[in-house]
Amino acid sequence: MTTEDIIRPENLVYRKPRLLNDNHMHYCPGCSHGVVHRLIAEIIEEMGIEDKTIGIAPVGCAVFAYNYVDIDWIEAAHGRAPAIATAVKRLNPSRMVFTYQGDGDLAAIGTCETIHAANRAENIAIIFINNGIYGMTGGQMAPTTLEGMKTSTTPYGRRVDLNGYPLKISDLVAQLDGTCYVTRQSVHTPAAVRKAKAAIKQAFTNSMEGRGTSLVEIVSTCNSGWKMSPAQANKWMEENMFAKYPMGDIKNTVKK
Amino acid sequence: MKEEIIIAGFGGQGVLSMGKILAYAALMDNLEVTWMPSYGPEQRGGTANVTVILSDSPISSPILDSYDTAVILNQQSLDKFEACIKPGGTLIYDSYGIHRAPTRTDITVHRIDAMEATFEMESAKTYNMVVLGALLKIKPLVPMESVIKGLKKTLPERHHHLIPMNEAAIIRGMQLTE
Amino acid sequence: MEEDVRLMKGNEAIAHAAIRYGADGYFGYPITPQSEILETLEAEMPWETTGMVVLQAESEIAAINMVYAGAACGKAVFTSSSSPGVSLKQEGISYIAAGELPALIVNVMRGGPGLGTIHPSQADYFQATKGGGHGDYHLIVLAPATVQEMADFVTLGFDLAFKYRTPAMILADGMVGQMMEKVVLPPARPRRTDEEIARQCPWAVTGKPATRKPNIMTTLELDSYQMERNNERYQRTYRLIEENEVRYQEYYTDDADYLIVAFGSIARICLKSIEEARKQGIRIGLIRPITLWPYPYKTITGLSKRIKGILVVEINAGQMIEDVRLAVEGRVPVYHFGRLGGIVPNPNEVLDAFKHNFPEAQ
């Protein structure tokens, strides 16, 4: 059997989405960002809304998200993505507007913008990557860092008496009348990826149809920051992160 | 023609809106006009004042150190502004609550009993219009029809039914001085 | 056609002028002495008429980032605040400058530092003209002296911002924001259509049609050589603005022995002082810079060669005086007079300060 025999359409099991370009990703091997990027590209393509989509990139590891998914993007100042998305959607109501943010961006410096955009029921989708650490700046404590978790700024483990508690921002946001859909997902197994894809698609649909704010939290690994192998990181996430940040819908006012 | 006026009293007496109506009336008369208020929380309960300048040529400074005419509605304002009236200028003051009367002799002083008159009219909210009437009698800066036009401009449409009441107050004010 | 003459506060004039300009959006947060801008816009409900978006944001920081976002979409958007709030906006303003985006920022200055006072001040001159936020950038800074200019500079500010793709600032103060004067509002014009925006702003983030590459608004550039080239491009724009957009007004300079330099509403107070001085035989002229950046250095340099001295009057501790001294190059004495803490000097005080500094003029 030659290569030519193998790459026939009937043998196709996976294809890179058209909107995911060939730029070399700067993410570490084992990082969840690449998978979520692919899902976003795939969903936009499937929904046929490439010309209607505006993405807001964060400051954090995903700062270069705009280099990988071929849509129009605005790169936000640290934490301000929901404010940016607010203005973009209000000035362009026919567009699907989403932010892509990490835990430091969304739940520390940008908490104010997150809460108020959601409370105003802005018709935007927020994709929230929660890996419990500041990846880009070198593994410092995030608001979502678990108790006892070692980071470069909690070298002996997070202590609640010094650093407070891990912030369950999605549960907090779900309390707001402006949110229509808040869910917690992961992308560490094929089944989880399929569920996460459905969740992101739901959030994007909500933005298009003007139903209010959607937030999809993706509990993720940062094996570099956690100083583990990708496989170890996945296992650690299941055992520790999922206990604090359980999977599943927290709120869904949109009945199918 | 140029008239530099200070109107000063307690916040809530309608000092700023009296100035505003005067300014609008002047605008209706095609005059140049500036209306410069004291602003901020002091408006509530404290003293408030507004500088109104009417002129037939462009106005430079909206803030002044001396005035042709001062309309004074409380003691603090009298203490502050009596000395700032130009020699030969005009001071109009409401006697209500004044326990140290003005002492200048190089200006024309008009005492009006506008608060008393307002009490008699039983319409406390038109106090500033009574004062405006007195001012316009002493200093006919703008004709009555311009004042009515000014009232229409400053009052929202839903309050236009109050214009006759305000007009009556202005006329009452005009009767306070001969 | 009859002119639309109104009597209104400077702050109100800005709101009305923006609607008539065809602005697409305003994002602001209340702070004295400029809240009438947001209040007037909310009362006018332009979203019902022109389709303009008006939003009370959760903070000044959110508001300026909303402006960054709107500008990135090619929309004509603006924000307003007063000194402490404008400090909060500085990071966002730096992003707008770096993104080479057109936007309008209004600062109705109050006295600082800190929470300070709500009364008029000009103490944000340095912040407005020398950068304000991080990095090498400039804003086009317009200083209105009248309510009419508050309205006119909305149009001018937007036009210049779009012409040079750079943010512009109206640097006003509590006095011109709060006072009422006669104002002729500009004729209303429609907002630009999406097609016009796509044509005029091909860089705008609008949603990517299959026919073009993605439009990406980012101010991040980790390649230092590319970042240097970006900076060189910004600087070329600034030189162009310096060559073409200097604006100022001169009064009584023809026969002047002395000069007062003042900007904004204070210039009007100085004009009254000068008129009084001239009655006393003291010939003073006035330069009122309208653009504080770019600054009218050349005009002041030229005048400094035929006068005896300059008094710079500002309601701050001495900020614009540095630019005047740069222009004068040591030829004649340059003194400063200012009041602080929100106190506005009256015409008499200005004249006294002049006589104190130049006793030989009498």
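Predicted, not measured: the structure shown is a model, and the values here were computed from it. By convention in this document, chain letters (A, B, ...) are assigned in the order of the sequence lines, proteins followed by strands, and residues within each chain are numbered from 1. FYI, side chains are in, hydrogens and waters are out, and symmetry mates aren't considered; it's all heavy atoms of this structure.
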Side chains of [X] and [Y]: donor-acceptor distance under 3.5 Å anywhere?
X: C/D136; Y: C/N231; answer: no
X: A/Q202; Y: A/T205; answer: no
X: A/R120; Y: A/T86; answer: yes
X: A/S207; Y: A/N123; answer: no
X: A/T253; Y: A/Y181; answer: no
X: C/H138; Y: C/Y234; answer: no
X: C/Q34; Y: C/S82; answer: no

Practice task
First locate atom OG1 of A/T144, then atom CD1 of A/I169, and finally report the distance between them rounded to the nearest 0.5 Å.
Solution key: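 Interatomic distance, A/T144 OG1 to A/I169 CD1, rounded to 0.5 Å: 10.0 Å.
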
Practice task
Compare every heavy atom of C/L115 with every heavy atom of C/P84, then report the nearest pair and how far apart it is.
Solution key: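 C/P84 and C/L115 have their closest heavy atoms at CG-O, 4.4 Å.
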
Practice task
Give me the ring orientation class for A/Y100 and A/H33: parallel if the planes are under 30° apart, tilted from 30 to 60°, perpendicular past 60°.
Solution key: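 A/Y100 and A/H33: tilted rings.
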
Practice task
Evaluate the ring planes of C/W293 and C/Y238, with Trp represented by its six-membered ring, and classify them as parallel (under 30°), tilted (30 to 60°) or perpendicular (over 60°).
Solution key: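 Correct class here is perpendicular.
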
So does [X] pair up with [Y], basic N to acidic O under 4.0 Å?
X: A/K16; Y: A/D22; answer: yes
X: C/E60; Y: C/K89; answer: no
X: A/K89; Y: A/E122; answer: no
X: C/R199; Y: C/D194; answer: no

Problem - Which atoms of C/S59 approach chain A - backbone, side chain, both or neither, heavy atom under 4.5 Å - result: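 C/S59 touches chain A through side-chain heavy atoms alone.
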
Exercise for the section: Tell me, for C/A204 versus chain A, whether the close heavy atoms (under 4.5 Å) come from the side chain, the backbone, both or neither. Expected result: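 Only the backbone of C/A204 comes within 4.5 Å of chain A.
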
Practice task
Name the option with the most non-hydrogen atom pairs under 4.5 Å to chain C; the candidates are A/D72, A/D51, A/I71, A/L91.
Solution key: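 Most pairs with chain C among the choices: A/D72.
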
Practice task
Could you check which of A/H116, A/K52, A/M96 has the highest count of heavy-atom pairs closer than 4.5 Å to chain C?
Solution key: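 Among A/H116, A/K52, A/M96, the one with the most close pairs to chain C is A/H116.
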
Practice task
Give a yes or no on this: more than 12 heavy atoms of other residues, nucleotides or ligands lie within 6.0 Å of atom CZ of C/F126.
Solution key: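 Above 12, so yes.
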
Problem - Residue-level interface, residues 17-27 of chain C with chain A, non-hydrogen cut-off under 4.5 Å - result: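 Residues in range: C/D24, C/G25, C/F27.
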
Exercise for the section: Identify the residues of residues 35-55 of chain C whose heavy atoms come closer than 4.5 Å to a heavy atom of chain A, ordered by number, or report 'none'. Expected result: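 Those residues of residues 35-55 of chain C which have a heavy atom under 4.5 Å from chain A are C/V53, C/L55.
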
Exercise for the section: Name the option with the most non-hydrogen atom pairs under 4.5 Å to chain A; the candidates are C/I61, C/N215, C/V77. Expected result: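 Greatest number of close heavy-atom pairs with chain A: C/N215.
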
Quick check on [X] against chain C: is it the side chain, the backbone, both or neither that has a heavy atom closer than 4.5 Å?
X: A/T53; value: backbone
X: A/R90; value: both
X: A/D70; value: both

Handout entry: Step-by-step side chain to side chain donor-acceptor pair (under 3.5 Å) determination, C/S87 to C/Q127
Key = CA-CA 8 Å; C/S87 292; C/Q127 186 193 60; 3.3 Å; yes

Exercise for the section: Considering only heavy atoms, give the residues of residues 39-46 of chain A separated from chain C by less than 4.5 Å, sorted numerically, with 'none' for an empty result. Expected result: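 Those residues of residues 39-46 of chain A which would need a heavy atom under 4.5 Å from chain C do not exist here.
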
Handout entry: Residues in residues 54-64 of chain A near chain C [non-hydrogen atoms, under 4.5 Å]
Key =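 So the qualifying residues are A/I54, A/V63, A/F64.
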
Would you say [X] and [Y] make side-chain contact, with heavy atoms under 4.5 Å?
X: A/T221; Y: A/P230; answer: no
X: C/C73; Y: A/V88; answer: yes
X: C/V106; Y: C/N11; answer: no

